[in-house]
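The residues of the chain are indexed from 1 along the displayed sequence. From a predicted model like this one, the values you see are computed outputs, not experimental measurements.
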Amino acid sequence: SQQRTRTIVRSNTMRTLASCLISLTILKQLVAFTPNPLRAPLNCRNHQFGRATIQLQSQVVANAVEQGDGVITSSATTTSPTSTTTEEEEKTPKYRPLHQNWFPVSITTALNSDRPNAIELLGEKLVLYRDDYSGKTGANNDHGESWKCLADRCSHRFAPLSEGRLVVHSKDDVDLTKSDSGTKGGGGCASCTIQCAYHGWEFNSEGECTRVPQYNSSSKKELDERKASSVPSYPVRVEAGMVWVWSDPDESSWEMAHSIPLPISPLVRESYEKFGAEACFMRDLPYGMELLGENLLDLSHLPFSHHGVGKLQRNMGGELPLRVMGGQERVDYARWEEEFDGTSTGHDGNNYAVPLYQVEILNATQNDPMFLSIAAMLPNGVSPDANGTIAFFEPCHVRYRRERVSGTFGHVELFMSPTSAGKSRVFLWNTIRRPPPAAPSGEKQSLKSRLASLSPLSAIKKRAIAILMNPASARSHTISHLIFDGDGIFLHKQGNRMQSSGQTFRQYSTPTSSDVLLNSYRRYLDAAAKLSIERSGSNSAAESVSFIGSAYRDDMPRSVMLDRYESHTKHCSVCSAELARCEKRKGFYETAEVSFAGAGGASAVALLISLASNAVPRSIVRAAAVGTVASVLGSFGVSKRKRSAEKKIQSFLFEDYVHAEKE
């Protein structure tokens, strides 16, 4: 009996242990399947919120298992949707090192074609120039093969080449454009070298030293023997009016560089063809690409940061449920570009890029702040079936694609350039594509509708809409300034707080689905920066997207953080021209104001004399009175115009942005 009892106890114990092991295995798999951002809110001080998060985690994991494709969704019906990622994100991602990517550095119209242009990328000082320049600023700047990029330091004593000049050489000056082994640089065509302003050393487009004035020879072989060092060169591409630089000078990576499609949509290319490079708004910002990317991928901040811009209002802020799109779904969705271009080449043909991360805005009509603001202006402007997605393309592109009514697509496309630690440059395109007009039906058009289409009022209306919708205008650029001004102060100061306290994005509290993309972006950026350190042995790229040094200063003046002239106007041909016109108008109004003041004074004196003397005819008295009144009214009107011109001028220089004053 005792033996039987021991056997039963042993058997029950083994069953219990087996059950525990099975339960632990299942729990381990569930925990491993659950993305890290979902576990982060459990550290919240609010324990009730933590318990609610646990329940939401169970629901999210169940949804993901049910879908079977690794896409985790945040239900729109939950009261507090949690931050989500995809299962594939938990695996080792196939990122490129941060320094092995194409980055936009400038629009073509912002560059001088007859002199070197200093730029900065990933903390490296570079110089950009044309080796077949036309001598006219901004003219014919879209020839990608003509733009060259070198490290901005002479190999002699490291003086900046951007302070030098371009030296033109004819096609017969082969020693300057050919190496001993064959054609390089200009390929035997008319080209130029860049000459250092310090001692006159010259370098071709490959970075090779072609002339040292202190040594009387232009033979490359002899210069090599004299150890006249070259400077690093970088591949360049020009597409859609933007100059792109491959940020790795190691030639072993250049073959890969040329196989990577730039994430430029057909809508951007179409806008560029119609309006030119000025349709792109470019601005330098006082915070790094790490914070800029977070901001651009965060749709939920719009009603608060940009309250009053357009019809955005703080009361439009609310729940923003997002659905994370899986890998194959992103590829399939990206094929709209094939349909747009009418091409048959797929993603493997490198015709278009596929986003690294992409989300769909659930019930976009009711949840997208932009749709809500459009509906506030146009009651029938957003259909019940409106939809939208937000995507991030490696390494620096954010794209909002919205369909507010059937067939009408609007894109907000932003490109980021990491200049250095605590600094970045942004490129903004606002594009829209409406369906082509319907073909005329067999029915005759009514006389009334035909007359309406031919009326002057219809033409004026079309012209007004064209002006309002023109992205290559000073008005459009001013609106873009308002958007970035709304974020500028607190993003710079956020960087300062994080830098001084030693905190990173891993300490963020991100309990809602509105933060899903920025979490994914920061993990990508972190991984790509670490790969750059491992592959290149340099910290430069990683430091340019971190809080290194004193770039984030708490004492930086607001006039510097929100500066418009140095960060945009002086580089923008549209705004520079409008600023010049405004200053000219102001000068005219000042002259007119002085003239009216003088005329008014003379008329007033004449009137007083006329009134004091009974011998003066009444007609002269009336004329003096009319002259005095006209001068006063004229002076008042001119002064008002002058103040308006001064306000317009200020909009190109600096305008403060105080959120507490935005009612």
Side-chain angles (χ1 to χ4, degrees), residues 41 44 46 49 74 76-83 281 283 285-287 291-322 359-384 386-390 398 400 402 404 410 412 414 426 428 430 475-476 478-497 508-519 558 561-562 564 651 654-663:
C44 271
N46 188 332
F49 181 77
S74 176
T77 60
T78 59
T79 57
S80 180
T82 187
S83 186
F281 174 80
R283 179 170 172 174
L285 302 170
Y287 44 89
L291 298 183
L292 174 60
E294 289 181 8
N295 177 257
L296 299 183
L297 290 164
D298 173 19
L299 184 62
S300 64
H301 83 283
L302 294 182
F304 303 98
S305 298
H306 310 302
H307 169 80
V309 179
K311 287 293 183 177
L312 284 169
Q313 300 294 320
R314 295 186 183 97
N315 59 15
M316 293 177 181
E319 184 181 20
L320 187 65
L322 304 174
V359 298
E360 176 191 3
I361 306 169
L362 299 179
N363 192 13
T365 304
Q366 300 298 322
N367 293 316
D368 186 341
M370 290 306 300
F371 282 156
L372 294 175
S373 67
I374 292 172
M377 291 186 289
L378 306 170
N380 299 319
V382 181
S383 73
N387 61 83
T389 63
I390 313 170
V398 174
Y400 286 80
R402 294 181 174 94
R404 64 179 181 86
V412 177
L414 302 113
V426 68
L428 167 64
N430 270 303
R475 177 186 175 276
S476 174
T478 300
I479 295 173
S480 297
H481 275 307
L482 289 175
I483 296 294
F484 288 100
D485 283 350
D487 301 322
I489 297 290
F490 60 73
L491 285 179
H492 178 85
K493 289 185 176 292
Q494 174 191 345
N496 170 262
R497 281 19 174 205
Y508 289 167
S509 177
T510 54
T512 68
S513 66
S514 61
D515 294 319
V516 59
L517 270 180
L518 71 88
N519 283 330
R558 298 175 74 89
M561 285 187 279
L562 300 182
R564 293 184 179 182
S651 71
F654 159 74
E655 283 191 359
D656 202 358
Y657 198 104
V658 182
H659 285 274
E661 298 175 357
K662 305 294 180 180
E663 298 297 336

Looking at side-chain heavy atoms only, is the closest gap between [X] and [Y] below 4.5 Å?
X      : Y      : answer
Leu299 : Pro369 : yes
Asn430 : Ser476 : no
Ile390 : Ile361 : yes
Pro321 : Asn363 : no
Asp485 : His306 : no
His307 : Leu312 : no

Contact list for residues 360-372, test salt bridge (charged side-chain N to carboxylate O under 4.0 Å, His left out), sequence neighbours left out: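 Passing the test, one end in residues 360-372: Arg323-Glu360, Asp368-Arg402.
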Residue pairs passing the salt bridge (charged side-chain N to carboxylate O under 4.0 Å, His left out) test where at least one lies in residues 654-663, sequence neighbours excluded: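 Counting only pairs at least two positions apart or across chains, the salt bridge (charged side-chain N to carboxylate O under 4.0 Å, His left out) contacts touching residues 654-663 are Arg558-Asp656, Arg564-Glu655.
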If I compare all heavy atoms of His492 with all of Pro286, which pair ends up nearest, and what's the gap?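 Heavy atoms of His492 and Pro286 come nearest at ND1-O, 2.7 Å.
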Nearest heavy-atom neighbours spanning Ala386 and Val382: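 Taking every non-hydrogen atom into account, CB-CG1, 3.6 Å.
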Pairing residues for Tyr657 by the ring pair (Phe, Tyr, Trp, His ring centres under 6.0 Å) criterion, not counting sequence neighbours: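 Expected list: His659.
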Ring pair (Phe, Tyr, Trp, His ring centres under 6.0 Å) against His481, all qualifying residues, sequence neighbours excluded: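 With neighbours one apart ignored, the set is Phe281, His568.
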What is the distance from atom [atom1] of [X] to atom [atom2] of [Y], rounded to the nearest 0.5 Å?
X      : Y      : atom1 : atom2 : value
Ser513 : Asn519 : OG    : CG    : 11.0 Å
Arg497 : Gln494 : CZ    : CD    : 10.0 Å
Ile483 : Leu428 : CD1   : CG    : 8.5 Å
Leu414 : Leu296 : CG    : CG    : 5.0 Å
Asp298 : Leu518 : CG    : CG    : 6.0 Å
Arg314 : Phe304 : CZ    : CZ    : 9.0 Å

Show me the donor-acceptor pairs within less than 3.5 Å that the side chains of residues 371-378 make with the rest of the protein, sequence neighbours left out.
{"residue": "Ser373", "atom": "OG", "partner": "Met370", "partner atom": "O", "Å": "2.8"}

Under a plain distance cut-off of 3.5 Å, with no hydrogens placed, do Tyr508 and Glu294 share a side-chain donor-acceptor pair?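 Indeed, the side chains of Glu294 and Tyr508 share at least one donor-acceptor pair under 3.5 Å.
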Evaluate the side chain to side chain contact (heavy atoms under 4.5 Å, CB included) criterion for residues Leu322 and Leu362: first the C-alpha distance (whole Å), next the side-chain angles of each, then the deciding distance (0.1 Å), finally the verdict. CA-CA 6 Å; Leu322 304 174; Leu362 299 179; over 6 Å; no
Mark yes when over 12 heavy atoms from residues, nucleotides or ligands other than Lys493 sit less than 6.0 Å from its NZ; otherwise mark no.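 Buried by this count: over 12 neighbours within 6.0 Å.
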Do any N or O atoms from the side chain of Ser514 and from the backbone of Leu320 form a donor-acceptor pair under 3.5 angstrom?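 No, the answer is negative, given that no donor and acceptor are paired below the 3.5 Å cut-off.
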Please report the C-alpha distance between Thr389 and Tyr400 in whole Å, then the side-chain angles of each, then the deciding distance to 0.1 Å, and finally whether the side chain to side chain contact (heavy atoms under 4.5 Å, CB included) criterion is met. CA-CA 6 Å; Thr389 63; Tyr400 286 80; over 6 Å; no
By side chain to side chain contact (heavy atoms under 4.5 Å, CB included), which residues pair with Asn295, not counting sequence neighbours?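 If we apply the side chain to side chain contact (heavy atoms under 4.5 Å, CB included) test to Asn295, skipping adjacent residues, the hits are His301, Asp487, Leu491.
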